[in-house]
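Structure record follows, encoded as structure tokens.
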Protein chains: 2
Amino acid sequence: MTRQRAAVSEALDRLDDFRSAQQIHDVMRQGGDTIGLATVYRTLQALADHGDVDVLRTEDGESHYRRCERDEHHHHLVCRGCGRTIEIDGPTVESWANTVGAAHGFTGIEHTIELFGTCADCAAAAAARAGD
Amino acid sequence: MTRQRAAVSEALDRLDDFRSAQQIHDVMRQGGDTIGLATVYRTLQALADHGDVDVLRTEDGESHYRRCERDEHHHHLVCRGCGRTIEIDGPTVESWANTVGAAHGFTGIEHTIELFGTCADCAAAAAARAGD
DNA sequence: GGGCTAATTGATAATGAATGTCAAAACCGT
DNA sequence: ACGGTTTTGACATTCATTATCAATTAGCCC
Ligand SMILES: [Zn+2]
Ligand SMILES: [Zn+2]
Ligand SMILES: [Zn+2]
Ligand SMILES: [Zn+2]
């Protein structure tokens, strides 16, 4: 464990939503940390491999990282407006994925499931903006 | 409708699995078509916007395109070995996505669902390779 | 602590998919 | 065929991510 890895881990604890490696690097620099961008990339990937952070591929192909509350397998409901993220588990979809995979003779099924929408706050803000 | 767009559409008809824009461009060139890479990118994106082709973001961030049999909303079960793709519909997951989104006050729910696995042929090939 | 070796760091260069540029070519209604 | 509009495509550019590799650091034994 190095000073830099500990710093990335702490930064992730402070941040709530999914952030790109570059955003995390910026935040750390702003907070006084001395760390290189390459190290942030490497550390985040290592954390992701170990399952310590979750990765979300954004619509434009960037990888965003987030330390999640629960360690168990789960999915995400992300607000398109503010990025607020809610952790979701769906026992039904888990078994559905395996069942439908097996039905077609596939083994070693993995799945990618993410939900996107507009949260109540952002919807209210949009309505206020339209109504003034 | 231009000669190039028609050619891309025909190429997509001939190809079965998800291919990248560059792979499609290569195949077309090999087949004697004269077309620029930028045009292939533009055409594929336009087709994707119109819902005429499906897009799959691969693990390394590339966009792969495929003309699907059915026009209606559906998802994919993709073999990690050979790329064979099966179209899936899951009424349960569709309603699940909307329900869980609404339960958290989210509106305008969209979802990303993809299944990956090893098809029976690829599993058999792997077993034969291990057992010789 | 001091020294030693292997792992890590980080400034920089390199990669590569995707997009922007813009003059030339193709399209289409007349 | 003609002229205005759209499309094309070779090329340059962007930008996230990865590779490089000398300098630094961590971990460990004495
Ligand atoms: Zn929001
Ligand atoms: Zn799941
Ligand atoms: Zn297969
Ligand atoms: Zn669906």
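A note on names: the letters A, B, ... follow the listed sequences, proteins ahead of strands, and every chain is numbered from 1. Side-chain atoms are counted along with the backbone in the values below, which use heavy atoms only and exclude waters and symmetry mates.
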Could you write out each protein N or O paired with an N or O of nucleotides 23-30 of chain C at a distance under 3.5 Å?
none

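- For the pair B:Tyr41 OH and D:dT8 P, the interatomic distance rounds to 16 Å; values are reported in whole Å.
- Residue order along DNA chain C, read from the 5' end via each residue's closest nucleotide, puts A:Arg5 first among A:Arg5 and B:His64.
- When side chains are defined from C-beta on, B:Leu12 counts as touching B:Leu44, because their heavy atoms get closer than 4.5 Å.
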Atom pairs, protein N/O to nucleotides 11-14 of chain C N/O, distance under 3.5 Å:
none

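- Whole-Å rounding puts the B:Gln23 CD to C:dG16 P distance at 15 Å.
- If one axis is set at each end of the helix from C:dG1-D:dC30 to C:dT30-D:dA1 from five pairs, those axes are 40° apart, to 10°.
- Applying the side chain to side chain contact (heavy atoms under 4.5 Å, CB included) test to A:Ser9 and every residue at least two apart in sequence or in another chain returns A:Arg67.
- Annotation: the span from A:Met28 atom CE to A:Gln23 atom CD amounts to 14.0 Å, rounded to 0.5 Å.
- Residues satisfying the ring pair (Phe, Tyr, Trp, His ring centres under 6.0 Å) criterion with B:Tyr41, sequence neighbours excluded, are absent altogether.
- Rounded to a whole Å, the CD atom of B:Gln22 is 12 Å from the C1' atom of C:dT19.
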Donor-acceptor pairs under 3.5 angstrom involving side-chain atoms of residues 48-57 of chain A: please list them, not counting sequence neighbours.
from    : atom 1 : to      : atom 2 : distance (Å)
A:Asp54 : OD2    : A:His74 : NE2    : 3.0
A:Asp54 : OD2    : A:His76 : NE2    : 3.2
A:Arg57 : NE     : A:Ser63 : OG     : 3.3
A:Arg57 : NH1    : B:Glu59 : O      : 3.0
A:Arg57 : NH2    : B:Glu59 : O      : 3.4

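- Sorted by first and then second residue, the pairs that involve residues 98-132 of chain B and meet ring pair (Phe, Tyr, Trp, His ring centres under 6.0 Å), not counting sequence neighbours, are B:His73-B:His111, B:His75-B:His111.
- Summarising the geometry, the separation between CG on A:Asp33 and P on C:dT9 is reported as 13 Å, rounded to the nearest angstrom.
- Counting heavy atoms from C-beta outward, A:Ile113 and B:Trp96 have side chains that approach closer than 4.5 Å.
- Between the B:Glu87 side chain and the B:Glu69 main chain, a donor and an acceptor come within less than 3.5 Å of each other.
- For A:Arg42, the side chain to side chain contact (heavy atoms under 4.5 Å, CB included) partners are A:Ala38, A:Thr39, not counting sequence neighbours.
- With sequence neighbours left out, B:Thr2 forms a side chain to side chain contact (heavy atoms under 4.5 Å, CB included) with B:Gln4, B:Arg5.
- Taking a 4.0 Å limit (strictly below) on heavy-atom distances, residues 43-63 of chain B does not reach DNA chain D anywhere.
- Take B:Asp121 and apply the side chain to side chain contact (heavy atoms under 4.5 Å, CB included) test, not counting sequence neighbours, and it matches B:Arg84, B:Cys119.
- Taking the ring pair (Phe, Tyr, Trp, His ring centres under 6.0 Å) definition, one finds that A:His25 meets it with nothing, sequence neighbours left out.
- Under the 4.5 Å side-chain criterion, counting only non-hydrogen atoms from C-beta, A:Arg19 is not in contact with A:Val27.
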